[in-house]
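So you know, we letter chains A, B, ... as the sequences are listed, proteins then strands, and number each from 1. Bear in mind that the values here come from a model prediction, so they are computed numbers and not experimental data.
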Amino acid sequence: MPKLPYSFYQQEDVISLAKQLLGKKLFTLINGELTGGIIVETEAYNGIIDKASHAYNGRFTPRTSTMYKTGGISYVYLCYGIHHLFNVVTGVEGSPHAVLIRGLEPTDGLSTMFKRRNMQSLAPKITAGPGALAKALGIDKNLNAKDLLGDEVWIEDVKTKYRNTQIIASPRVGVAYAQDNALLPWRFYIKGSQFVSKPNS
DNA sequence: TACGGGATCGTCT
DNA sequence: GACGATCCCGTAG
């Protein structure tokens, strides 16, 4: 399948884009090991007006500078000192929009994922949750600010789209501190998928 | 099954 | 010097 083009990532509406990413396939190729799967859960972070975003109110630091670049690159950062979280930078240069990938249905490189996750057999927890899927795909800070049309990390288009009725919109996870923005329904996931990070219905 | 807390460190104040 | 866009394991019921 072809990689998603820059024109996809440079769409203005990050909310719509987060929904469109459901059903696409995310891959990494690290040290010759290919791993990947179908995206089943995302969250949109909507630029400088979004209190849950690292770039809220135009905050620009060495870490967040990646978010301000042109859509079509990765944004990886460390959370709670332990977990790497993988985001897609979207929009035009100067607009710090991003989509957090939170859930993945593994399809490629299962044995490599087992090894990285220290697991023996397939269980949802292997890639359910942003920290878990990053570890399964071998994602760490070295994959920050990578071109998503390169050969280390990329997203492929997929013909079979989910129907709208299979997509649930809900509040984002872990952003209670964002006050009046905390309840915005900017988390999207596939209804009933086992690889979504929280109970779904 | 459900809940609670510890792990662990880069980033910004 | 405090705190997370989290995960995992222990304990209890």
Side-chain angles (χ1 to χ4, degrees), chain A residues 14-15 17-19 21-22 26 35 37 39-69 71 73-91 95-106 113-146 153 168-189 192-201:
Chain A
V14 68
I15 314 298
L17 201 155
K19 201 185 305 181
L21 277 173
L22 294 174
L26 172 65
T35 49
I39 296 169
V40 297
E41 183 179 356
T42 61
E43 278 181 5
Y45 286 85
N46 189 20
I48 63 173
I49 62 168
D50 184 351
K51 291 182 179 175
S53 170
H54 292 162
Y56 172 61
N57 201 22
R59 194 158 55 139
F60 188 94
T61 66
R63 179 175 66 152
T64 64
S65 65
T66 303
M67 299 179 76
Y68 287 82
K69 297 187 179 180
I73 63 172
S74 61
Y75 172 46
V76 178
Y77 72 93
L78 186 65
C79 186
Y80 296 100
I82 300 176
H83 305 288
H84 293 277
L85 271 59
F86 177 79
N87 300 249
V88 173
V89 174
T90 75
S95 73
H97 294 172
V99 177
L100 171 66
I101 308 300
R102 294 188 52 88
L104 201 73
E105 179 182 330
M113 292 195 208
F114 290 150
K115 188 173 55 186
R116 288 178 181 148
R117 298 282 287 121
N118 200 20
M119 292 170 61
Q120 309 275 331
S121 59
L122 187 59
K125 66 174 182 178
I126 191 170
T127 50
L133 78 86
K135 189 171 182 189
L137 294 184
I139 292 170
D140 62 20
K141 257 190 90 174
N142 294 323
L143 277 191
N144 185 40
K146 292 292 183 184
V153 54
I168 307 290
S170 71
R172 293 172 290 182
V173 175
V175 299
Y177 63 88
Q179 302 171 39
D180 48 311
N181 288 1
L183 293 180
L184 291 168
W186 288 352
R187 170 182 177 232
F188 301 97
Y189 61 89
S193 170
Q194 294 214 286
F195 299 94
V196 168
S197 63
K198 290 217 161 183
N200 59 88
S201 56

Heavy-atom side-chain proximity of A:Y77 to A:T64 below 4.5 angstrom:
no
If you compare every side-chain N and O of A:R172 against the phosphate oxygens of C:dT6 (OP1, OP2), does one of them come in below 4.0 Å?
no
A:K135 NZ to B:dT8 C1', in whole Å, measures 13 Å
Which is true for A:G131 with a 4.0 Å heavy-atom rule: it touches a base, it touches only sugar-phosphate, or it touches nothing?
sugar-phosphate
pair A:V173-A:R187: side-chain heavy atoms closer than 4.5 Å
yes
Report yes or no: is the ring centroid of A:Y45 under 5.5 Å from the six-membered base ring centroid of C:dA5, with the two planes under 30 degrees?
yes
Length of the CG-P vector between A:N87 and C:dA5, whole Å
11 Å
Between C:dC7 (C1') and A:R102 (CZ): distance, integer Å:
12 Å
Give one of base, sugar-phosphate or nothing for A:L100, where a contact means two heavy atoms less than 4.0 Å apart.
base
Which pairs, protein N/O on one side and nucleotides 1-7 of chain B N/O on the other, fall under 3.5 Å?
none

Tell me, do A:N57 and A:I49 make a side-chain contact under 4.5 Å, heavy atoms counted?
no
Answer yes when A:R102 and A:E43 have at least one side-chain N-carboxylate O distance shorter than 4.0 Å, and no when they do not.
yes
Is A:Y75 close enough to C:dA5 that one of its side-chain N or O atoms is under 4.0 Å from OP1 or OP2 there?
no
When rounded to the nearest 0.5 angstrom, what distance separates OH in A:Y56 from CG in A:N181?
7.0 Å
Heavy-atom distance under 4.5 Å between the side chains of A:L78 and A:K141, does that happen here?
no
Might you work through the side-chain hydrogen bond (donor to acceptor under 3.5 Å, both in side chains) test for A:H54 and A:Y45, ending with a clear yes or no?
CA-CA 9 Å; A:H54 292 162; A:Y45 286 85; over 6 Å; no
To the nearest Å, how far apart are A:L78 CG and B:dC12 P?
12 Å
Quick one: are A:S53 and A:M67 in side-chain contact, heavy atoms under 4.5 Å?
yes
What I'd like to find out is whether the side chain of A:T66 reaches to under 4.5 Å of the side chain of A:N144, using heavy atoms alone.
yes
Report the distance from atom CG of A:L104 to atom P of C:dC7, rounded to the nearest whole Å.
13 Å
To the nearest angstrom, how far is A:Y189 atom OH from C:dA5 atom C1'?
17 Å
Does any part of the side chain of A:N87, heavy atoms only, come nearer than 4.5 Å to the side chain of A:V99, both counted from C-beta?
no
Name every residue in residues 51-66 of chain A that has at least one heavy atom under 4.0 Å from any atom of DNA chain B, in order of residue number, or write none if there are no such residues.
A:R59, A:T61, A:P62, A:R63
Rounded to whole Å, please give me the gap between OH in A:Y177 and P in C:dT6.
9 Å
Hey, does the side chain of A:R187 come within less than 4.0 Å of C:dA5's phosphate (OP1/OP2), counting only N and O?
no
Round to the nearest Å and state the distance from A:N181 atom CG to C:dA5 atom P.
14 Å
Do A:F86 and A:V153 have side-chain heavy atoms sitting under 4.5 Å apart?
yes
The dot-bracket string of DNA chain C, counting Watson-Crick and G-U wobble pairs with both distances under 3.5 Å, using [ ] for crossing pairs and | for pairs to another strand, is ||||.|||||||.
Just by distance, with hydrogens left out, do A:S197 and A:E41 show a side-chain donor and acceptor under 3.5 Å apart?
yes
Touch class at under 4.0 angstrom, heavy-atom based, for A:K125 against every strand present:
nothing
